[in-house]
Amino acid sequence: MTKSTRRTPPPLAESSPSDINGDGGTTPGPSDSLPLQYRGIDHSELVDEFRLACTSRALDDREITLQRQSRVFFEIAGAGHEALLLGTARSLRPGYDWFFPYYRDQALVLGLGVTPRDILLQAVGSSEDTNSGGRQMPAHWGNRDLHIVSQTSCTGSQCLPAVGCAEASRYIVRRDLPGCSARGDELTYVSLGEGATSEGEFWESLNTACRLHLPVVYLIEDNGWAISVRASDQAPAPISELVQGFRGLAIYKVDGTDYFACRSLAATATARVRAGEGPCLIHAAVTRPYSHSSQDSQSKYRSAEDLADEATHDPILRLERELTEGGVLTSTEAAEIRESVRAQIAVIGREVLEAGRPDPATVTRHVVSLPAIPDPGTPPVPDSPTGDGDDVASKLVGMGETIRLVLFEQMKADERIRVFGEDVADAGEDILALVEGKGGVFGTTHGLQREFGIARCFNTPLAEANIVGRGIGQAIRGLRPCAEIQFFDYIWPAMMQIRSEAATARWRSEGRFTVPLVIRVAIGGYLMGGGIWHSQSGEAIFTHIPGLIVIMPSRASDAAGLLRTAFRCEDPVMFLEHKHLLRQKYAMDPPTPADYLIPLGKADTKRAGTDLTIVTYGRPALLSLSAAGVLEQEHGVSAEVVDLRSIRPLDIDAVLASVRKTHRVLIVEEQRPFCGVGAQLAYMIQREAFDELDAPISRLSTVDAPAIYSPPVEAEQLPNPQRILRAALEVVA
């Protein structure tokens with residue numbers, strides 16, 4: 001390709017000159033001699049916009065210089081996007097609207113109120129960086145006061161939290177909720193490059209934004225490239241054509257190098273969204289005069305002719321030309337502004353090099369913050385009015401029903417809690433009174449919709465990233481969303497949202513943003529025919545993620561106490577519900593009171609012993625109890641069973657205390673052995689209590705192969721009482 005990839009399409013939806021002032025308008029200055037598009041805009045305002053555009057470009061240049069001096073360690077420029085972003089910012093309200101920008105949005109955040117000093121402090125990795133304290137790479141925007149949500153590098157993944165944020169806005173504005181606020185006409189802005197529209201999360205977000213008619217402004221900044229991949233290699237047509245099948249989506253196209261066209265169009269588009277007419281998408285053609293980043297050299301894949309042509313469409317040169325031709329500036333004044341801005345940025349650049357750097361000892365701060373919950377001790381047993389033990393037994397509740405009851409209880413107490421996922425609702429509102437209702441494939445949400453309404457218990461598309469991503473956006477706004485993943489085996493499309501968007505939010509923003517999200521997941525085997533697609537257990541993968549809390553109860557009372565605690569966490573919680581235990585009698589317990597909460601990272605010794613410690617969790621905890629009974633009755637071995645309950649955080653102190661008493665340990669887990677939780681436990685035990693061991697640490701896991709469909713073979717793959725018994729006898733032999 002020898003010609004420029006830059007495109008300047010005509011708008012699909014035109015804005016009129018009367019829209020140029022956006023929502024608030026400005027004080028007009030002398031403009032009779034100006035073309036129509038300038039009228040109504042004060043000259044000083046236009047000069048300020050030009051100065052801000054020059055500031056953004058000067059920041060790019062300064063960071064490139066510092067990067068070459070190894071004083072900045074990464075650089076990615078917003079050059080070529082300035083006119084579009086400054087024109088758009090005029091219709092947005094910092095600290096009122098909500099923003100999910102991407103890395104080219106430097107001019108936007110400057111227009112919203114982020115200072116050049118803030119930007120350079122982040123670039124050099126200073127602890128004085130008000131976004132992340134030196135934790136985030138340059139161009140990863142965030143500002144709590146301005147409602148700029150701390151950004152990740154993942155392309156397109158911000159779209160789903162943005163939709164969840166807009167969803168929360170609609171929910172909050174109609175209610176008086178503690179710690180939550182929203183305005184009736186606020187909107188959520190989300191931007192991305194044209195290349196990122198190839199990501200599935202972008203399309204999932206559009207699906208929900210249009211179906212729910214949400215106040216979302218999508219800005220697609222199309223500079224023709226996704227690093228070195230041309231737009232023509234990304235999709236069969238421009239994105240503004242591809243999305244035309246979405247009903248309710250207003251679609252606009254604009255030349256992103258034309259400041260006045262961008263400002264006028266943004267005013268029209270945002271006014272429509274604020275009026276409650278649903279989402280819009282602005283497809284803007286911009287330039288990329290600089291390489292993708294400091295790690296890229298676009299001369300390797302773009303011709304000299306192409307780059308020279310692109311340089312002639314520089315939006316700052318165009319704005320300067322229009323302002324000088326309109327009599328707003330002289331060429332001399334424009335040159336003076338450029339020079340003064342460069343000088344100011346140079347001074348700031350030297351100053352930030354002297355700013356403080358993060359203390360290495362602080363790197364583990366703001367990873368996660370656990371709620372302070374006192375140990376409740378043994379769950380209370382309900383009183384029997386007749387003193388008859390059978391009466392107490394009749395009050396036993398299964399784990400699945402316990403989860404359902406606790407959801408009822410917590411939703412009644414806290415209107416911020418919303419439950420959603422695939423099949424979690426009962427039925428369509430039009431027939432709800434005529435049918436029993438579904439309430440989830442395991443019945444754990446049955447009746448919630450009927451009790452609390454479709455706004456608080458609702459079905460989502462069959463799209464796991466959509467479920468979790470929307471939950472993240474709601475949580476950022478202060479809600480307490482409860483997202484359900486129907487089967488652990490299908491959680492993987494949500495991995496980016498869980499790992500990158502949810503779990504890192506507190507850390508990457510140095511505590512300024514948190515994600516109080518509960519993700520309920522049905523997990524585990526022993527199902528008689530679940531096979532590879534419905535019987536897997538792989539929780540260790542998620543314990544590798546800093547900032548994510550992972551819980552796996554083994555019986556009803558633990559599920560109740562831990563679920564209540566999960567809703568009090570300010571960080572994401574993965575609440576794993578073992579499918580086989582949901583209705584088993586041996587996992588039943590009497591109901592616990594609403595104030596019964598279990599602290600995170602607190603193991604429970606389910607059975608005391610002196611000869612062997614069995615450390616376990618989930619379904620194997622109850623199997624280990626069964627094996628321990630046989631050990632004592634038939635072999636005279638006293639086995640202590642420690643149920644972890646919480647996998648991360650993990651109660652290593654309880655484990656070590658037991659090992660120091662029994663001097664032998666067997667770790668039993670349902671997941672596969674390689675890099676499992678048991679491996680971590682074994683390392684921690686030998687490091688802290690090696691001298692206490694009278695035998696090597698032993699582990700029993702699921703056979704290292706996918707779960708088979710044949711029930712008899714699956715039973716041999718998984719930990720079972722016989723396998724646990726044999727492993728225990730080997731340890732004590």
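Count residues from 1 along the sequence.
- The local environment of NZ in K602 is sparse, with at most 12 non-hydrogen atoms from other residues, nucleotides or ligands closer than 6.0 Å.
- With hydrogens and angles ignored, the 3.5 Å screen pairs no side-chain donor or acceptor of S537 with any backbone N or O of G524.
- Note that CG of D489 and CD1 of I532 are 8.5 Å apart. Values are rounded to the nearest 0.5 Å.
- The salt bridge (Lys or Arg N to Asp or Glu O under 4.0 Å) test applied to E714 returns no partner, not counting sequence neighbours.
- Look at K438 and D423 and you find no salt bridge, because none of the NZ, NE, NH1 or NH2 atoms lies under 4.0 Å from a carboxylate O.
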Under the side-chain contact (heavy atoms from CB on, under 4.5 Å) rule, what do T152 and S157 come out as? Steps first, then yes or no, please. CA-CA 8 Å; T152 70; S157 64; 3.7 Å; yes

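- Shown here are the ring-ring contact (aromatic ring centres under 6.0 Å, His included) partners of Y683, two or more places apart in sequence or in another chain: there are none.
- When the salt bridge (Lys or Arg N to Asp or Glu O under 4.0 Å) test is applied to R512, the partners found at least two apart in sequence or on another chain are E510.
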Show your working on side-chain hydrogen bond (donor to acceptor under 3.5 Å, both in side chains) between Q136 and N131 and close with a plain yes or no. CA-CA 8 Å; Q136 285 268 53; N131 169 22; 5.3 Å; no

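- Under the 3.5 Å distance criterion, the side-chain polar atoms of T362 are left unmatched by any main-chain donor or acceptor of R365.
- Between I549 atom CD1 and R648 atom CZ the span is 10.0 Å, to the nearest 0.5 Å.
- The cationic group of R456 lies under 6.0 Å from the six-membered ring centre of F452 and within 45° of the ring axis, placing it in a cation-pi geometry.
- If you take CD1 on I667 and CG on L700, they are separated by 10.5 Å, rounding to the nearest 0.5 Å.
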Test log, rule side-chain hydrogen bond (donor to acceptor under 3.5 Å, both in side chains), inputs S638 and D611: CA-CA 5 Å; S638 174; D611 301 326; 4.8 Å; no

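- In this structure, K661 places its NZ atom where more than 12 heavy-atom neighbours from other residues, nucleotides or ligands lie under 6.0 Å away.
- Applying the side chain to side chain contact (heavy atoms under 4.5 Å, CB included) rule to M684 yields the partners I652, Q680; only residues at least two apart in sequence or on another chain are considered.
- Using a distance-only test at 3.5 Å, with no hydrogens or angles considered, no donor-acceptor pair links the side chain of R619 to the main chain of K579.
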After noting the C-alpha distance and the side-chain angles of I373 and L600, does the key distance pass the side-chain contact (heavy atoms from CB on, under 4.5 Å) rule? CA-CA 8 Å; I373 305 292; L600 300 176; over 6 Å; no

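- Within the structure, ring pair (Phe, Tyr, Trp, His ring centres under 6.0 Å) contacts touching residues 465-511 (residues at least two apart or in different chains) are F442-F487, F487-H534, F488-W492, F488-F542, Y490-H534, W492-F542.
- Taking A707 as the reference, S535, Q536 meet the side chain to side chain contact (heavy atoms under 4.5 Å, CB included) condition, with sequence neighbours excluded.
- Taking CE of M588 as the start and OH of Y586 as the end, the distance is 11.0 Å to the nearest 0.5 Å.
- Counting non-hydrogen atoms of other residues, nucleotides and ligands closer than 6.0 Å to CZ of R499 gives a total of 12 or fewer.
- Without hydrogens or angle criteria, Q717 side chain to P706 main chain gives a donor-acceptor distance under 3.5 Å.
- Counting heavy atoms from C-beta on, the side chains of R404 and T445 never come closer than 4.5 Å.
- Between the R508 side chain and the S132 main chain, no donor and acceptor come within less than 3.5 Å of each other.
- For the pair D694 (side chain) and H663 (backbone), a donor-acceptor distance under 3.5 Å is absent.
- With sequence neighbours excluded, the residues forming a side chain to side chain contact (heavy atoms under 4.5 Å, CB included) with S169 are A182, E186, R477, listed by chain and number.
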Does the pair D414 and R416 meet the rule for a salt bridge (charged side-chain N to carboxylate O under 4.0 Å, His left out), with working shown? CA-CA 5 Å; D414 191 345; R416 296 174 299 173; 2.8 Å; yes

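- Side chains of T592 and R564: a donor on one and an acceptor on the other come within 3.5 Å.
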Audit row: M411, V419, side-chain contact (heavy atoms from CB on, under 4.5 Å) steps and yes/no: CA-CA 9 Å; M411 291 179 75; V419 175; 3.6 Å; yes

Should E451 and K412 be marked as a salt bridge (charged side-chain N to carboxylate O under 4.0 Å, His left out) after you check the CA-CA gap, both sets of side-chain angles, and the distance that decides it? CA-CA 9 Å; E451 177 70 19; K412 186 175 182 180; over 6 Å; no

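- When atom types are taken as modelled, the side chain of T565 and the backbone of I598 share a donor-acceptor pair closer than 3.5 angstrom.
- Contact detail for Y526 and P719: the closest heavy-atom pair is OH-O, 2.5 Å.
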Let's go through S658 and E640 carefully: what are the C-alpha distance in whole Å and the side-chain angles of both, what is the deciding distance for side-chain hydrogen bond (donor to acceptor under 3.5 Å, both in side chains) to 0.1 Å, and is it a yes or a no? CA-CA 8 Å; S658 180; E640 183 156 292; 2.7 Å; yes

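- Remark: the backbone N or O of C482 is not paired with any side-chain donor or acceptor of R418 at under 3.5 angstrom.
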side-chain hydrogen bond (donor to acceptor under 3.5 Å, both in side chains), that's the test. Do Q410 and R568 meet it? Break it down for me. CA-CA 10 Å; Q410 294 298 300; R568 285 154 178 79; 3.1 Å; yes

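- Between R520 and I403 there is a side-chain heavy-atom pair separated by less than 4.5 Å.
- Evaluation of the side-chain hydrogen bond (donor to acceptor under 3.5 Å, both in side chains) rule for E422 yields no partner, not counting sequence neighbours.
- D604 places no side-chain N or O within donor-acceptor distance of the main-chain N or O of K606, the cut-off being under 3.5 Å.
- Evaluation of the salt bridge (Lys or Arg N to Asp or Glu O under 4.0 Å) rule for E670 yields no partner, not counting sequence neighbours.
- Residues Q486 and A522 come closest through the heavy atom pair O-CB, 3.2 Å.
- Note: I417 CD1 to L479 CG = 10.5 Å, rounded to the nearest 0.5 Å.
- Annotation: side-chain hydrogen bond (donor to acceptor under 3.5 Å, both in side chains) contacts of R506 (sequence neighbours excluded): D571.
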Counting only pairs under 3.5 Å, give me each side-chain donor-acceptor contact of residues 174-181, with atom names and distances, residues two or more places apart or in other chains.
unit_1	atom_1	unit_2	atom_2	d
R175	NE	E415	OE2	3.1
R175	NH1	Y171	O	3.0

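- The backbone N or O of A540 sits less than 3.5 Å from a side-chain atom of Q671, completing a donor-acceptor pair.
- In this structure, D691 has no salt bridge (Lys or Arg N to Asp or Glu O under 4.0 Å) partners at least two apart in sequence or on a different chain.
- Here the CD1 atom belonging to I551 is positioned 10.5 Å from the CG atom belonging to D558, to the nearest 0.5 angstrom.
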List the steps and the verdict of side-chain contact (heavy atoms from CB on, under 4.5 Å) for T613 and V642. CA-CA 7 Å; T613 294; V642 179; 4.2 Å; yes

